[in-house]
Amino acid sequence: MKTLKRISRMHRIFIVQELKRMMEYKGDFIVGIIGFLFAQANNMLFLWLIFRQIPNLAGWSIKEILFIYGFSLIPKGIDHLFFDNLWAVGHFLVQKGDFDKYLTRPVNTLFHVMVEKLQIDALGELLVGIAMVCITLPSLTVEWSVQKILLAVLVIPFATLIYTGIKTITAAIAFWTKKSGNITYMFYMVNEFSKYPVKIYNSFVRNIITYIIPFAFTAYYPAEYILKGENPLFNIGVCVLISIVMMTLGIIVWNKGIRAYESAGS
Amino acid sequence: MTKKLRIYRAFLSAGMQEVSTYRVNWIFYMAGNVMACFVSYFIWKAVFLSGNNNSLNGFTMSQMIVYIFLMFLTSTMTSSGGTYDIGEEIRDGTIAMRMIKPISYNATFLFQELGNKIMTICLLIIPMVIGVEAVRYNFTGEVQFEITNFLIYVVSCVFAYLINFFFNISFGFIAFVIKYLWGANMMKNCIVGFLSGTVIPLSFLPSGLEKICLLLPFASLNYTPVMIYLGIYKGSTLLYYLGLQLFWVLVLWGLSKLIWKISTKHLTVQGG
């Protein structure tokens, strides 16, 4: 309990620090958010232009696809907002020897790296995601129940954990190889698959995004449950389970990596 | 002249070494991008299966698949990182180090990047072209590779690269105004990506918009080379689009010179 209190207090201090820095560069902050808004706008345009040609995509209407897409941005955006600093570990913190500073402090290294930075650009993603879900939902015929609403909200932190877990694992590889930023990048590209119904993929891809790099649980499966009410045990239950597995794996790999870490030293 | 070449050769080989030092990193980066191609591949497959037509806006399914993968190859070959590099140098002041040397600022960038490109092309172009042709063979039952189209495609890629290079150099000077280049660069990449057809073929746009896009320099970046490879542009159309590319090379070259002249006068290095 005491450690929890200490951690949350520290988290607050870090975030306040980060906000101060952001106020210094207000323009950048807006440019970053707009940048991510543009990226999402591109994908919207793509979907809109495609749906001018066809009535539905593998049985899914444009509104349903947009809902899945919007839903996928919410856990992604949350992870991006809070834990973006893991990217830096793989890209340059280890390679340049800057990682040493975390080892000298009386805080858990993983925790320190994660909370050090608040990536405000992510608001671009997060806002688009929330807006898309809010816009598409009223026009979709969804049967609501208390259970469904609870599960839909509950699944978001776990879906976020899948991102964070995978990012932790791939970032930790840098402790052995010095640089792993592009491994993280490659895994992140796999997550593009999860924004669309898994039915359109062949079984090879489907198995990978379900069981090996389980990004399908960050968007499509939960969305399937929300829209069609199918298989809550698999769509939500496995998501929760798998996210815990991923994060645990992440922590294990990270701790092993810390022990293997040799400073770049110059 | 030979002396000049010797100077710039150093930059060329520096660029090549950059790629070979971080080759594992490079491979993962490319693998990530190929993955993104496969996402589009599956989406388009589903699109063609969901619609009743054999062709959409002039594209058959096999042409669409070739389009996706060639778009990736072309945009990788014609990409240029000048914006970011220049912006960073303006920000941290290293630009001053380049300016005091008796060599052309733009040319050093050009050669360094060319070194980078040579490595990329060597590793990428053959497997991609073979892959793409295998797909076409699979769909149509005959080899459709045409050497003339391929050669004109390569020429068109060179033009495209030059357009991109000069455009990015010009854009890099936006660092005078916007300090956060990562965001600005992202915005630029999104707009250019869309207008150059990497998101969706321009023929899918409403026809008025398509006509405007085809005239802009961005269509020359990726769309024109790919259409040439596919054999959709031929005869006088082909000549027209190649001419348009050349026109944009010259215009953007002039523009980058002009911006360079104006901005070096206003350059104040922060703590340089």
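Heavy atoms only: backbone and side chains are in, while hydrogens, waters and symmetry mates are out. Naming: A, B, ... by sequence-line order, numbering from 1 per chain.
Here the NZ atom belonging to K188(B) is positioned 13.5 Å from the CZ atom belonging to F38(A), to the nearest 0.5 angstrom. Atom CG of N182(A) is separated from atom CD1 of I27(B) by 11.0 Å, given to the nearest 0.5 angstrom. One finds the CG atom of L49(A) at 5.0 Å from the CZ atom of F194(B) (value rounded to the nearest 0.5 Å). Atom OH in Y201(A) sits 8.0 Å away from atom CZ in F42(B) (nearest 0.5 Å). Taken from CE in M35(B) to CD1 in I208(A), the straight-line distance is 8.0 Å, to the nearest 0.5 Å. Distance CG/N57(B) to CD/Q53(A): 4.5 Å, rounded to 0.5 Å.
Both the backbone and the side chain of F36(A) have a heavy atom closer than 4.5 Å to some heavy atom of chain B. For F38(B), the parts lying under 4.5 angstrom from a heavy atom of chain A are both the backbone and the side chain.
Proximity to chain B at a heavy-atom threshold of 4.5 Å picks out nothing from residues 59-68 of chain A. Listed by sequence position, M189(A), V190(A), E192(A), F193(A), Y196(A) are the residues of residues 188-197 of chain A in contact with chain B, using a 4.5 angstrom heavy-atom cutoff. Along residues 203-226 of chain B, the residues that come nearer than 4.5 angstrom to chain A, judged on non-hydrogen atoms, are F204(B), L205(B), P206(B) in order of number.
The neighbour count for N202(A) CG, taken as heavy atoms of other residues, nucleotides or ligands under 6.0 Å away, is above 12. No more than 12 heavy atoms of other residues, nucleotides or ligands shown are found within 6.0 angstrom of NZ on K117(A). Heavy atoms from other residues, nucleotides or ligands lying under 6.0 Å from NZ of K228(A) number more than 12. For CZ of F14(A), the number of neighbouring non-hydrogen atoms (other residues, nucleotides, ligands) closer than 6.0 Å is greater than 12.
Ranked by heavy-atom pairs shorter than 4.5 Å toward chain B, the options I54(A), I50(A), T177(A), N42(A) are led by N42(A). Taking L49(B), L56(B), I191(B), I43(B) one by one and counting their heavy-atom pairs under 4.5 Å with chain A, the maximum is reached by I43(B).
Between C190(B) and G35(A) the shortest heavy-atom distance is SG-O, 4.3 Å. A pairwise comparison of heavy atoms in A31(B) and M186(A) identifies CB-SD, 3.6 Å as the closest pair. When all heavy atoms of S50(B) and A58(A) are compared, the closest pair comes out as OG-N, 3.1 Å.
Counting heavy atoms from C-beta outward, V199(B) and L45(A) have side chains that stay 4.5 Å or more apart.
Screening residues 67-92 of chain A for salt bridge (Lys or Arg N to Asp or Glu O under 4.0 Å) gives K76(A)-E125(A), D79(A)-K167(A) as the qualifying pairs, with residues at least two apart or on separate chains.
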